[in-house]
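Working notes for the structure below.
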Amino acid sequence: MNKAPSLLVRARALTGFAELVSDLGGDVDGLLSSVGMTTQMLAQPEATISMPGAVTLLETAASQLAAPDFGLLLAQRQDFSALGPIALIASRANTVGKALVAIARNLPYHVARTSLRMQAGPTAGLAWLRYELPPEIGGEQRQSVEMCCLMLIQTLRMLSGNAGADWRVVLAHRPGFPLPRYREIFASEVACQQSGNGVIFPESLLENVLDSRNPQIRVAVERFVAHLIRRSPLDLACQIEELIARQLADGGCSLTDIARQLAMNERTLQRRLDAQQVRFTDILDRVRRKQGREFLAQSVALVGSGASARLQCRLFVALVGSGASARLQ
């Protein structure tokens, strides 16, 4: 049976880590080396790193830097790097509920085997967007869980346009610092030592229609795409590949979709690809093969946990398409 170190997360999850540690007077290289990582490993957002290592890193940093809210401080630095890809996915949904389903469907690409699911809230009329790390991680997880729950409530605010002052964040662990500080950061009620983690909000919010002109979604997408283009200003294929990778599980990968996200006419995008002798379908196929291999590697852990081959096949097809298996060679 595979151990937890086989679980992976995209390096993007640690965006801003080095800067935050430096601002707090810490030793970036020393902290990273304590979990077998380097600054070079964090330089490629799409690269995969050890999930248990990332979880341990945040706990170690919080302890060494005497920053009990380290995970939350890090989440506050991740605006477009985290919300941008979420906004890309959400921009094609017509309700908040459907957007959340699409986000959950894409989650395995970013964070292996992390659970994001909707369930009934503690009382009638409430919904609970519940988040859990894989149980194999073990050990202290407070920093990672709090960081992800802050991203959850920020996502709900972006999608709904609602400040959510009457929502409630629930955390399974003991508070790491006074509750007023939690309420200040989350801008909502916070309860610790609950039966799980996540955000509880009015169920009616799920039926809210998403306005295609939603300024929060539009700005998040624009900032993310602008950042992507700055990273690879001359490499159009690389830009397209990253946009496809962020959305493949939800099917938002047509030339029309990508052109719109790049704020480009579809014919203009096609002409630029032709000039570089690059085919859109080749890029799409390359991303499918890459994600397919990553999924199959992760599925070894599912076999060890008793998941059936039928379940693996169903998940694989959902990710890369029914004809993908023949293209993995």
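Numbering starts at 1 and runs along the sequence shown.
- Residues C149 and V169 share a closest heavy-atom pair of CB-CG1, 4.4 Å.
- Under the 3.5 Å distance criterion, the side-chain polar atoms of Q143 are left unmatched by any main-chain donor or acceptor of D69.
- Under the 4.5 Å side-chain criterion, counting only non-hydrogen atoms from C-beta, L32 is in contact with L42.
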Please step through side-chain contact (heavy atoms from CB on, under 4.5 Å) for the pair L236 and L273, ending with a clear verdict.
-> CA-CA 8 Å; L236 180 61; L273 287 172; 4.0 Å; yes

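- Partner of V55 under the side chain to side chain contact (heavy atoms under 4.5 Å, CB included) criterion, chosen from T60, I137, L7: I137.
- Within 6.0 Å of CD in Q276 there are more than 12 heavy atoms belonging to other residues, nucleotides or ligands.
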Under the side-chain contact (heavy atoms from CB on, under 4.5 Å) rule, what do M118 and L100 come out as? Steps first, then yes or no, please.
-> CA-CA 9 Å; M118 192 69 63; L100 292 174; 3.5 Å; yes

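- When side chains are defined from C-beta on, V190 counts as touching L171, because their heavy atoms get closer than 4.5 Å.
- Under the 4.5 Å side-chain contact rule for hydrophobic residues, V199 and L126 do not share a cluster.
- A salt bridge between R286 and D282 is absent, with no side-chain N of the basic residue lying under 4.0 Å from a carboxylate O of the acidic one.
- At a threshold of 4.5 Å between side-chain heavy atoms, the hydrophobic network of Ile, Leu, Val, Met, Phe, Trp and Tyr places I200 and L156 in two separate groups.
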Where do Q119 and R117 land on the side-chain contact (heavy atoms from CB on, under 4.5 Å) test, with the steps shown first?
-> CA-CA 7 Å; Q119 68 180 54; R117 67 182 189 275; 3.7 Å; yes

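- Residues L74 and L72 are not in side-chain contact: their nearest non-hydrogen atoms beyond the backbone lie 4.5 Å or more apart.
- Under the 4.5 Å side-chain criterion, counting only non-hydrogen atoms from C-beta, S160 is in contact with W167.
- Side-chain contact between L269 and F280 is absent, with no heavy atoms from C-beta onward closer than 4.5 Å.
- Closest approach of A75 to L150, counting heavy atoms only: CB-CD2, 3.7 Å.
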Take R130 and L116, measure what side-chain contact (heavy atoms from CB on, under 4.5 Å) needs, and give me the verdict at the end.
-> CA-CA 6 Å; R130 186 165 182 156; L116 180 64; over 6 Å; no

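- For the residue pair Q270 / D274, a side-chain donor-acceptor distance below 3.5 Å is found, with atom types taken as modelled.
- Counting all heavy atoms, side chain and backbone alike, E132 lies closest to T114 at O-CG2, 3.3 Å.
- Side chains of E266 and T256: a donor-acceptor N/O pair is present below 3.5 angstrom, by distance only.
- Residues M51 and I49 fall within the same hydrophobic cluster, defined by Ile, Leu, Val, Met, Phe, Trp and Tyr side chains chained together at heavy-atom separations under 4.5 Å.
- No option in E140, Q194, E146 other than E146 meets the side-chain hydrogen bond (donor to acceptor under 3.5 Å, both in side chains) test with H173.
- Hydrophobic clustering of Ile, Leu, Val, Met, Phe, Trp and Tyr side chains at less than 4.5 Å, counting indirect connections, keeps L205 apart from W128.
- In this structure, F17 and F70 have perpendicular ring planes: the angle between them is above 60°, well past the 30° mark.
- Between D23 and R77, some side-chain heavy-atom pair lies under the 4.5 Å cut-off.
- Two different hydrophobic clusters hold V170 and Y131 under the rule that ILVMFWY side chains link at heavy-atom gaps under 4.5 Å.
- Residues V21 and D27 form no side-chain contact, since every pair of their non-hydrogen atoms from C-beta on lies 4.5 Å or further apart.
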